[in-house]
Amino acid sequence: MTVEAVRALLPAIAEAAADVDRNGAVDPDIIRGLHDAGFFAMLRPTAFGGLQADPEVYLTASGDIAAACTSTGWLAAMLGVHAWHLALFDEQAQRDVWGADPRALLCESYAPTGRLEHVNGGFRLSGRWSRCAGAHHASWLMAGAVLVGEDGAAQDFTVALVPREDFTIESNWDGVGLRGIGADEVVVSGAMVPHYRTLGVSQQPRATLAPLYRLPQTVLYTHAGTVPVVGAALGLLAARTPELAGPLDAIATASAGVQLSIHQMRRNLAEFMSCAASDAFPDAELLLRGRRDQVVAFERSVQLIRWFVERSGADLDGLVDRVWRDVQTARMHVSNDAERVLSVVGQFEFGLKVDEFIL
């Protein structure tokens with residue numbers, strides 16, 4: 001089973017965590033080990049040698065990795081979820097990526113900082129994308145771009161797929177935390193992109209796809225940005241020592257909150273999958289509940305981690321400091337903007353009109 005194979009790697013991942021933070025990179029041997037364990041195949045379609053696993057299994061494995069090393073868990077979660085997104089593309093695009101190399105990984109930036117123009121045979125893509133986690137481990141890039149018409153007006157927000165030879169990497173990631181995710185800047189200058197290697201935001205998953213690929217496009221992405229922090233919190237809890245003895249009501253409350261969040265996210269994911277299986281789009285209540293419980297899980301995890309930060313002498317050989325820096329960096333990710341999400345959820349619960357798109 002993939003989760004068990006991943007767990008066999010955790011001691012080595014934990015042992016390397018301090019080096020990942022110090023050197024700013026996850027060793028390629030760790031990535032190869034996760035390949036061998038089947039982690040990166042979890043969300044890949046079975047037609048291309050993937051496992052097409054249940055989202056909960058993928059997220060459980062991601063959290064386990066993050067419990068050993070937050071940077072490695074975050075990086076693995078993001079590289080893994082991009083396989084799910086590629087499954088929404090034309091089958092020829094999937095063959096281009098996985099046909100010759102079933103282990104090909106993709107990096108991605110949704111920010112629409114690129115420009116996609118119509119040309120004979122497809123499009124021409126140019127742009128610059130920051131914070132592209134895992135770029136050095138990837139052989140393909142999925143980049144957000146604005147599709148413009150002949151008059152220069154925006155026509156659609158589109159994700160374009162380009163191979164490694166069409167983008168360059170500018171190594172400038174220097175985060176306070178998550179130092180090993182390599183969220184560097186990538187640049188594309190006039191690359192040709194066939195029509196079938198693009199996916200517009202207005203395109204919905206096809207009814208012919210398996211239920212996994214009929215999930216709303218942001219469900220797995222938002223959870224992939226939170227579950228590594230949940231895993232990091234549980235990793236600290238597992239590493240606690242007798243020296244942390246004292247008033248334990250706060251840590252008991254924080255731990256219970258994280259466990260509750262895990263159950264809530266599992267329930268929501270099961271409901272999302274049930275909708276997908278019946279080819280029904282989730283209603284607003286489920287969509288907003290899913291986002292609410294996901295961002296609350298992040299905040300509860302931070303609360304648990306804060307307990308360790310506030311304990312005198314609880315550094316655990318630098319682990320607490322490292323994890324605290326990691327979660328502060330993770331907070332900047334759009335998935336974990338709790339204030340914005342909860343504001344919209346509150347509007348909905350009080351029957352007010354919800355205009356903002358947060359899903």
### Any side-chain heavy-atom pair of Phe167 and Val187 under 4.5 Å
no
#### Entry: Polar side-chain atom of Asp156 near backbone of Thr158 as donor-acceptor pair, under 3.5 Å
no
#### Entry: Within the 6.0 Å centroid threshold, strictly below: Trp74 and His333
yes
### Sidechain N-carboxylate O distance under 4.0 Å for Arg124, Glu117
no
### Message
Is there a path of hydrophobic side-chain contacts, each under 4.5 Å between heavy atoms, that joins Leu51 and Leu220?
### Response
yes
## Note on the structure
Between Arg179 and the options Asp174, Asp21, Thr70, Asn23, the side-chain hydrogen bond (donor to acceptor under 3.5 Å, both in side chains) test singles out Asp174
### Task
Check for a donor-acceptor pair, side chain of Asp166 on one end and backbone N or O of Ala191 on the other, with a separation under 3.5 Å.
no
### Task
Return the set of residues passing salt bridge (charged side-chain N to carboxylate O under 4.0 Å, His left out) with Arg44 (not counting sequence neighbours), or none when no residue passes.
none
### Query
Distance only, no hydrogens: is a donor on one side chain within 3.5 Å (strictly under) of an acceptor on the other, for Glu185 and Ser130?
no
### Ring centre gap for His85 and Tyr110 strictly below 6.0 Å
yes
### Task
State plainly whether the residues Arg331 and Glu299 are in salt-bridge range, i.e. N to O under 4.0 Å.
yes
### Message
Other residues, nucleotides and ligands only: do more than 12 of their heavy atoms fall within 6.0 Å of CD on Glu15?
### Response
no
